[in-house]
Amino acid sequence: MRRRTLVGGGVAGCGILGLTLFAGWWQVGGPGASEPVGARPLPLAAMEFSLTDQDGRAVGPETLIGSPTMAFFGFTYCPDVCPTTLADISGWLDALGGDAEQLNVVFITVDPERDTVEAMAEYVDYFHPAIRGWTGTEQQIDQAVEGFRATYEKVPTDNGDYTMNHTASVFLFDAQGSFVTTIDYHEPREFAVPKIRRAMNEEEAKGA
């Protein structure tokens with residue numbers, strides 16, 4: 001796959017982007033956000049879900065065990081939070097250089113109605129090639145969300161369509177599948193990258 005670049009358009013576009021990002025913050029990180037579940041994600045080995053990756057292959061928590069994992073929930077029609085976070089993740093992976101090859105990086109949809117295998121494949125192609133898109137049925141997504149202790153909600157819009165509110169944190173697990181920490185929405189790279197390296201080195205730290 002090749003990596004593409006999303007380009008904005010002019011001053012007016014920047015103004016629209018600013019308003020959109022504010023709306024995204026309101027729904028995900030601000031007063032409009034859902035209350036957090038407050039529980040730690042289960043270890044990957046304790047989760048039970050089955051999804052399909054962007055190549056049509058069956059995947060699940062067992063797919064991730066053996067390498068450190070970075071996981072994020074979102075949807076391809078997301079106007080702000082998801083592309084911003086996936087762009088941030090791409091930057092973090094670039095900062096890791098060759099070490100990024102050690103990571104599993106998965107983007108799990110919370111909008112299975114629209115996010116087909118083909119849609120996920122097309123969408124993640126805009127970002128770092130290490131990012132994989134996972135989808136499934138609503139029931140399968142619910143099982144994954146439950147294991148990660150994430151949340152999502154379908155929200156009708158004024159034009160008769162809908163959007164999705166969802167957990168905006170990035171989840172980090174070590175190679176054994178134990179939860180390490182989260183990276184918050186808009187967390188600066190100088191804080192995010194050390195957290196990722198911590199997850200990558202957690203197994204060594206446990207054995208020390």
Side-chain angles (χ1 to χ4, degrees), residues 1-4 6 24 27-28 33-34 36-37 41-90 92-93 100-101 103-157 160-173 177 179 182-183 185:
M1 294 185 298
R2 64 184 182 87
R3 190 169 170 185
R4 307 179 200 164
L6 298 175
Q27 291 184 347
V28 179
S34 300
V37 175
L42 297 176
L44 292 173
M47 295 188 194
E48 296 183 4
F49 65 85
S50 178
L51 298 172
T52 304
D53 74 6
Q54 65 197 57
D55 295 322
R57 293 177 296 203
V59 289
E62 69 283 352
T63 308
L64 304 174
I65 297 173
S67 296
T69 293
M70 182 163 29
F72 173 65
F73 288 89
F75 62 113
T76 66
Y77 279 71
C78 180
D80 41 72
V81 174
C82 302
T84 298
T85 300
L86 291 172
D88 286 344
I89 290 173
S90 298
W92 304 338
L93 294 171
E101 297 177 3
L103 282 164
N104 296 311
V105 188
V106 293
F107 171 56
I108 305 173
T109 185
V110 294
D111 186 13
E113 182 178 337
R114 296 182 293 199
D115 289 345
T116 62
V117 169
E118 294 77 15
M120 294 296 282
E122 180 179 1
Y123 189 73
V124 297
D125 194 32
Y126 284 100
F127 305 98
H128 194 283
I131 301 173
R132 309 291 296 170
W134 288 12
T135 187
T137 66
E138 184 175 354
Q139 182 179 10
Q140 289 171 328
I141 298 298
D142 285 346
Q143 288 178 320
V145 166
E146 181 180 358
F148 280 87
R149 300 298 191 248
T151 62
Y152 78 95
E153 178 187 14
K154 187 174 182 178
V155 180
T157 57
D161 203 352
Y162 68 91
T163 187
M164 306 295 294
N165 287 352
H166 58 88
T167 298
S169 299
V170 176
F171 297 90
L172 294 173
F173 295 80
F179 174 67
T182 58
I183 302 174
Y185 179 55

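- Proximity of a side-chain donor or acceptor of Gln140 to a complementary backbone N or O of Leu51 within less than 3.5 Å is not detected.
- For Thr135, there are no side-chain hydrogen bond (donor to acceptor under 3.5 Å, both in side chains) partners, not counting sequence neighbours.
- Among Phe148, Phe75, Phe73, the single residue meeting the ring-ring contact (aromatic ring centres under 6.0 Å, His included) criterion with His166 is Phe75.
- A distance of 14.5 Å separates OH of Tyr126 from CD1 of Ile131, quoted to the nearest 0.5 Å.
- Residues Pro112 and Thr109 come closest through the heavy atom pair N-OG1, 4.2 Å.
- Judged purely by atom type and a 3.5 angstrom limit, Thr84 has no side-chain atom pairing as donor or acceptor with the backbone of Val81.
- Atoms SG and OH, from Cys82 and Tyr77 in turn, are 13.5 Å apart once rounded to the nearest 0.5 Å.
- Atom CD of Glu122 is separated from atom CD of Gln54 by 11.5 Å, given to the nearest 0.5 angstrom.
- For Arg149 and Phe171, the positive end is not near the middle of the six-membered ring at less than 6.0 Å and at most 45° from its axis.
- Counting only distance, with no hydrogens or angles, the side chain of Asp53 and the backbone of Asp55 share a donor-acceptor pair below 3.5 Å.
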Item to complete: For the pair Lys154 and Asp111, evaluate salt bridge (charged side-chain N to carboxylate O under 4.0 Å, His left out) and give the outcome as yes or no after the intermediate values.
Response: CA-CA 8 Å; Lys154 187 174 182 178; Asp111 186 13; over 6 Å; no
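- Residues Thr76 and Met120 meet the side-chain proximity criterion, which asks for heavy atoms closer than 4.5 Å.
- The CD atom of Glu48 lies 9.5 Å from the CD atom of Glu146; values are rounded to the nearest 0.5 Å.
- A distance of 8.0 Å separates CG in Asp80 from OG1 in Thr163, rounded to the nearest 0.5 Å.
- Taking CG of Asp115 as the reference point, atom OH of Tyr123 lies at 9.0 Å (rounded to 0.5 Å).
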